[in-house]
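Below is the structure I would like to discuss, written out as structure tokens.
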Amino acid sequence: MNYQSYAIEDFLLDKKFRDWVEHPHEDLDVFWNDFLSNHPEKAEELMSAKEILQKMKFKKHSLSADEVSDLLAGIHKGKDKAVVRPAADDNVLPMHPAYSTAQTNNRTLLGRRRTLSIAASISLLFMFTALILWLSIHTNEEVYATAYGETKPISLPDGSLATLNANSSLRFPSAWNDREAREVWLEGEAFFEVKKISQNDNLKSQMPYKFVVHTDGVAIEVLGTEFNVNTRREKVQVVLNSGKVRLKWQEKEMLMQPGELIEVSKKGSEVAQRIVKPETYSSWKENHLLCDATTLREIAQTIEDRFGYEVVFQDRQLSQIEVSGTIPLDNMETFELVISRLINVHFELKGNKLLISK
């Protein structure tokens, strides 16, 4: 993370910083004390953010047996409405005949083993909602965030649309008509459909012409286009669906063409560029994963990013299995069942770790 450029709201939204304030331990103390020693100019923002979190006290809600039962019933009811339909494509993986029976037999067990995780997440959700509200009121910014398993469409002030993937956050000024550019700040992953503003429109509406997405050390300048941005795993990955995008980092820049993928390491020292099928990188916003010779290791990254589980392969060779087709992202249970039937692997959840074996 490029903490040197963080403002107060960035620290508030950063999981490592929140863990330090809420659950301090030696490793985190060493990390943040070293950071303050090396960057004393950030002390004011960091300590202000720490004070805000310390003042936000929330009463934890323990679920009663009846509440747990009602919660599970609601979850099961929602799942019963979900229908898994492969896309009309020759590459779509066929459904196993035993899928529907396996789904029924396994749903109760899978739901129960996640009940404790759901209950434990409620307090954090309350805190995060209040934090978002506080930021919106006190910073004249709109701040949006998603939990694991959640996506969210966001209408921007100029009529553009951003779809936020799970475990991500997006912030931008409440108004853009008094600024030099339409700017947003992203952490995580999002798909952008940017409204093109011509010079005539700009004179009429006073809306800035330039649109810029800020990530960790990389600025993405846009002119009326569709593209996906992923800032996870110490790199910024941009996939251009249509239009034009200019990437700027440090003193370098690259102009992208539709169908290109560019990855820039967050230190800016490494750059990768290749031609891809853009739809495979943005299919998540349609609530499914479109695989095209996608390795199980790459699918495991989706599991970690979308659902928040750490994936562990019991056999390293399993990570190289390739999958082509469409896999639903409705919920973790459906995802597990489909994958396990299609490529004959076994999933086992232990705490927050998902073990994959033959």
Side-chain angles (χ1 to χ4, degrees), residues 13-16 18-19 22-23 63 68 71-72 75-76 78-79 82 84 99 102-103 106-125 127-128 145-152 164-169 187-190 230-235 237 281 283-285 287-291 294-323 326-358:
L13 291 171
D14 186 82
K15 183 179 184 300
K16 189 170 186 177
R18 296 199 307 271
D19 286 344
E22 297 161 13
H23 309 289
L63 296 181
V68 170
L71 180 59
L72 284 173
I75 293 171
H76 293 163
K79 291 174 185 172
V84 179
Y99 170 71
Q103 184 184 34
N106 285 280
R107 184 183 292 122
T108 301
L109 176 60
L110 292 167
R112 285 176 179 171
R113 74 185 187 183
R114 287 175 171 78
T115 299
L116 292 178
S117 296
I118 294 169
S121 300
I122 290 178
S123 295
L124 180 59
L125 179 61
M127 188 203 78
F128 208 66
T146 50
Y148 285 116
E150 177 188 16
T151 61
K152 180 180 296 183
L164 203 56
N165 203 352
N167 188 34
S168 302
S169 64
E187 182 174 338
E189 184 172 15
N230 189 329
T231 68
R232 309 185 201 276
R233 293 179 176 80
E234 299 304 316
K235 62 186 178 185
Q237 179 194 84
Y281 291 85
S283 61
W284 58 264
K285 67 187 182 70
N287 213 29
H288 62 252
L289 180 63
L290 184 58
C291 300
T294 305
T295 65
L296 196 54
R297 179 184 61 82
E298 294 171 308
I299 293 175
Q301 292 179 353
T302 297
I303 293 174
E304 293 177 349
D305 295 340
R306 179 87 175 197
F307 302 107
Y309 296 107
E310 179 186 352
V311 177
V312 178
F313 289 100
Q314 301 291 71
D315 182 345
R316 290 185 179 180
Q317 292 183 346
L318 292 176
S319 67
Q320 299 306 311
I321 295 176
E322 293 186 348
V323 179
T326 302
I327 304 172
L329 288 172
D330 302 279
N331 50 62
M332 190 60 208
E333 291 88 344
T334 302
F335 194 89
E336 284 183 14
L337 288 170
V338 173
I339 290 290
S340 63
R341 294 296 176 181
L342 294 172
I343 59 175
N344 192 29
V345 293
H346 175 69
F347 291 86
E348 182 181 2
L349 185 65
K350 288 188 175 181
N352 197 46
K353 291 185 177 181
L354 188 66
L355 309 182
I356 300 180
S357 61
K358 272 291 188 182

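What you are looking at is a predicted structure, and each value in this text was computed from that prediction instead of being measured.
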Shortest non-hydrogen contact from A166 toward G149: CB-N, 3.6 Å
Test item: R233 and Q301 side chains (from C-beta on) under 4.5 Å apart, heavy atoms: yes
Euclidean distance, R306 CZ relative to I299 CD1, rounded to 0.5 Å: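 It comes to 14.0 Å.
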Nearest-0.5 Å distance that lies between atom CD1 in I321 and atom CD1 in I343: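 I321 atom CD1 to I343 atom CD1 measures 5.0 Å (nearest 0.5 Å).
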Side chain proximity check, L289 to F335, heavy atoms < 4.5 angstrom: yes
Criterion side-chain contact (heavy atoms from CB on, under 4.5 Å) on F313 and L296, from CA distance to verdict: CA-CA 10 Å; F313 289 100; L296 196 54; 3.7 Å; yes
Heavy-atom side-chain contact between N165 and D305 under 4.5 Å: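 They are not in side-chain contact.
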All side-chain contact (heavy atoms from CB on, under 4.5 Å) counterparts of D315, not counting sequence neighbours: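 Only Q317, L318 meet the side-chain contact (heavy atoms from CB on, under 4.5 Å) criterion with D315.
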4.5 Å side-chain heavy-atom contact, T151 and K285: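 No, their side chains stay 4.5 Å or more apart.
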T231 side chain vs G188 backbone, donor-acceptor pair below 3.5 Å: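 Looks like yes, one N/O pair under 3.5 Å.
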Distance-minimising heavy-atom pair for P328 and T334: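 Heavy atoms only, the tightest pair is CG-CG2, 3.7 Å.
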Minimal non-hydrogen separation, S319 against T295, with atom names: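 Where S319 meets T295 most closely, the heavy atoms are O-CB, 3.5 Å.
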Contact summary for E304 and Y148, nearest pair of heavy atoms: O-CE2, 3.6 Å
Side-chain donor-acceptor contact under 3.5 Å, S168 with R232: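 Distance-only check passes for S168 and R232.
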Nearest-0.5 Å distance, CD1 of residue I327 to CG of residue L337: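 These two atoms lie 12.5 Å from each other.
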side-chain contact (heavy atoms from CB on, under 4.5 Å) assessment of E336 paired with L354: CA-CA 10 Å; E336 284 183 14; L354 188 66; 3.5 Å; yes
Heavy-atom closest pair, residues F307 and L329: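 For F307 versus L329, the nearest heavy atoms are CZ-O, 4.1 Å.
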Given V311, I356, L355, the one that forms side-chain contact (heavy atoms from CB on, under 4.5 Å) with F347: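 It is I356; the other options fail the test.
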side-chain hydrogen bond (donor to acceptor under 3.5 Å, both in side chains) involving R297 - partner list, sequence neighbours excluded: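 R297 satisfies side-chain hydrogen bond (donor to acceptor under 3.5 Å, both in side chains) with no residue once adjacent residues are dropped.
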Closest approach of E150 to A147 (non-hydrogen atoms, all atoms of both residues): OE1-N, 2.9 Å
Salt bridge (charged side-chain N to carboxylate O under 4.0 Å, His left out) partners for E298, two or more places apart: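 If we apply the salt bridge (charged side-chain N to carboxylate O under 4.0 Å, His left out) test to E298, skipping adjacent residues, there are no hits.
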Euclidean distance, E189 CD relative to N167 CG, rounded to 0.5 Å: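 Rounded to the nearest 0.5 Å, the CG-CD separation comes to 11.0 Å.
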